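Structure first, commentary second.
From a predicted model like this one, the values you see are computed outputs, not experimental measurements.
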Amino acid sequence: MPDNDFGEGRTIVVTGAASGIGAATAKHLRAQGDHVIGVDLAGVDVSVDLATLTGRAALVDAIRDLAPHGIDGIVANAGVHRRDAMTVRVNYFGAIASLEGLRPLLRLDAPRAVLITSRAVLLPVDDGVVEACLAGNEGRAVSLVDALPGDAEHTAYASSKRAAGRWLRRTAPTAEWAGAGIPLNAVAPGWVNTPMTVRDRTPADVARVMAARPMPLGGRAESTDIVPAIAFFLSPANTRITGQTLFVDGGGETLMCQEDIWNGAARDEQRM
């Protein structure tokens, strides 16, 4: 008898599974024989609001009930791009709570976790918001986002994703993750045609963004273009990669960061 609750195949939790990258990931995993527990506000296996403390706790309880013998993977994909503090509540605190809350449910045989960030980690951020997130101070992070001037939507989004990316770098090598045999990595898409990104966008808006942050290999992506990277990080084949962010953005990150992505001074100090 298989050691999970759904027959053959691995059991993967995907948040934000009702649309976009989450829906495409769930479809791909099911097609390869995995069982997917989809999480979102509605229309999925588990309906919770990850912007709230009660929703985050309910997620863990629901997954424990649905998979009492454990799960094999987590894709923390749920995210929003709004002009208010919901952005930081979902993109940082909801995502991290999903990963931390579900980690104890991961089984010992090839557990894997993937966080979906964004190429926006490279954009200007509010340092106060980022540090409040990393300190676990949701109230302060929310108040700082609410006080952001000007183009707060983009600053809040970039700050939430930068904080999540930094959390991953801090967390992946720890005893609770790497030490327990759990690779934890991130996938950072560029522009993907999803309901979130096309909302209220005019052709002129799209042209302006793509001119400022081009994606030379193929241009704007579809959700299905992001799935192979997620699937690899989830797979048992990934035995040594952890703490990494893979930019799936058609080469855009290379244009934004240019060639020198390594800290030369730190490298010189740590010569082997």
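Within the 3.5 Å criterion, the main-chain N or O of Leu184 finds a donor-acceptor partner in the side chain of Thr242. Distance alone, capped at 3.5 Å, places no donor-acceptor pair between the Arg112 side chain and the Gly73 backbone. For Arg169 (side chain) and Thr245 (main-chain N/O), no donor-acceptor pair under 3.5 Å exists by modelled atom type. Checked by atom type and distance alone, the side chain of Asn238 never pairs as donor or acceptor with a backbone atom of Ser235 at under 3.5 Å. Between the Gln258 side chain and the Leu255 main chain, a donor and an acceptor come within less than 3.5 Å of each other. Judged by distance alone, with hydrogens and angles left aside, the side-chain atoms of Ser159 form no donor-acceptor pair with the main-chain N or O of Val129 at under 3.5 Å. Between the side chain of Asp84 and the backbone N or O of Met86 there is at least one donor-acceptor pair closer than 3.5 Å. Side chain of Asn91 to backbone of Ser160: no donor-acceptor contact under 3.5 angstrom is found. Judged by distance alone, the side chain of Asn185 and the main-chain N or O of Ile241 form a donor-acceptor pair under 3.5 Å. Between the Arg107 side chain and the Asp72 main chain, no donor and acceptor come within less than 3.5 Å of each other.
Between Leu41 and Asp49, the closest side-chain pair of non-hydrogen atoms falls below 4.5 Å. Counting only heavy atoms from C-beta outward, the side chains of Leu59 and Leu102 approach each other to under 4.5 Å. Counting only heavy atoms from C-beta outward, the side chains of Ile12 and Ile74 never approach each other to under 4.5 Å. Between Val187 and Val114, some side-chain heavy-atom pair lies under the 4.5 Å cut-off. In this structure the side chain of Glu100 never reaches within 4.5 angstrom of the side chain of Thr171, judged on heavy atoms. Counting heavy atoms from C-beta on, the side chains of Cys133 and Trp167 never come closer than 4.5 Å. Residues Arg220 and Val192 have side chains not in contact (no heavy-atom distance under 4.5 Å, counting atoms from C-beta outward). Between Val75 and Leu234, the closest side-chain pair of non-hydrogen atoms falls below 4.5 Å.
Taking the charged nitrogens against the carboxylate oxygens, Asp146 and Arg140 have no contact shorter than 4.0 Å, which rules out a salt bridge. A salt bridge links Arg166 to Glu131: at least one charged side-chain nitrogen sits closer than 4.0 Å to a carboxylate oxygen. Residues Asp34 and Arg10 are not paired through a salt bridge, judged by the lack of any N-O separation under 4.0 Å between the basic side chain and the carboxylate.
The aromatic rings of His81 and His154 sit perpendicular, their planes meeting at an angle over 60°, well past the 30° parallel limit.
We find the CG-CG distance between Leu217 and Asp225 to be 9.5 Å, quoted to the nearest 0.5 Å. Here OG1 of Thr155 is found 11.0 Å from CZ of Arg83. Values are rounded to the nearest 0.5 Å. If you take CD1 on Ile116 and OG1 on Thr15, they are separated by 8.5 Å, rounding to the nearest 0.5 Å.
The shortest non-hydrogen separation linking Met256 to Leu123 is CE-CD2, 3.6 Å. Of all heavy-atom pairs spanning Ala95 and Ala76, the tightest one is O-CB, 4.1 Å. Here the shortest heavy-atom pairing between Val145 and Ala85 reads CG1-CA, 3.7 Å. Closest approach of Arg119 and Asp249 over heavy atoms only: CD-OD2, 2.9 Å. Nearest heavy-atom pair, Val44 versus Gly38, reported as atom, atom and distance to 0.1 Å: CB-O, 3.5 Å. Between Ala229 and Val248, the shortest heavy-atom contact is CB-CG2, 3.8 Å.
Cluster annotation: Val227 and Phe233 are assigned to distinct hydrophobic clusters (Ile/Leu/Val/Met/Phe/Trp/Tyr, side-chain heavy-atom contacts under 4.5 Å, transitive). In terms of hydrophobic clustering, with Ile, Leu, Val, Met, Phe, Trp and Tyr side chains grouped at heavy-atom distances under 4.5 Å, Ile226 and Leu122 are assigned to different clusters.
Residue Ile63 forms a side chain to side chain contact (heavy atoms under 4.5 Å, CB included) with just one option from Val13, Thr11, Asp45, and that option is Val13.
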Under the side chain to side chain contact (heavy atoms under 4.5 Å, CB included) criterion, do Phe93 and Arg56 qualify, and how do the steps go? CA-CA 9 Å; Phe93 291 98; Arg56 297 164 198 164; 3.6 Å; yes
Mind running side chain to side chain contact (heavy atoms under 4.5 Å, CB included) on Ile37 and Val46 for me, showing each step along the way?
CA-CA 7 Å; Ile37 303 177; Val46 176; 3.9 Å; yes
### Task
Decide side chain to side chain contact (heavy atoms under 4.5 Å, CB included) for Leu99 and Leu115; before the verdict, give the C-alpha distance in whole Å, the side-chain angles of both, and the deciding distance to 0.1 Å.
CA-CA 8 Å; Leu99 290 163; Leu115 170 65; 4.2 Å; yes
Test log, rule side chain to side chain contact (heavy atoms under 4.5 Å, CB included), inputs Tyr92 and Val130:
CA-CA 9 Å; Tyr92 183 81; Val130 173; over 6 Å; no
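Annotation: Arg30, atom CZ; neighbour count of heavy atoms from other residues, nucleotides and ligands within 6.0 Å is above 12.
Partners of Thr54 by side-chain hydrogen bond (donor to acceptor under 3.5 Å, both in side chains), not counting sequence neighbours, listed by chain and number: Thr52. With sequence neighbours excluded, the residues forming a salt bridge (Lys or Arg N to Asp or Glu O under 4.0 Å) with Arg89 are Glu138, listed by chain and number. Residues that satisfy the side-chain contact (heavy atoms from CB on, under 4.5 Å) test with Val121, not counting sequence neighbours, are Thr117, Lys161, Phe247.
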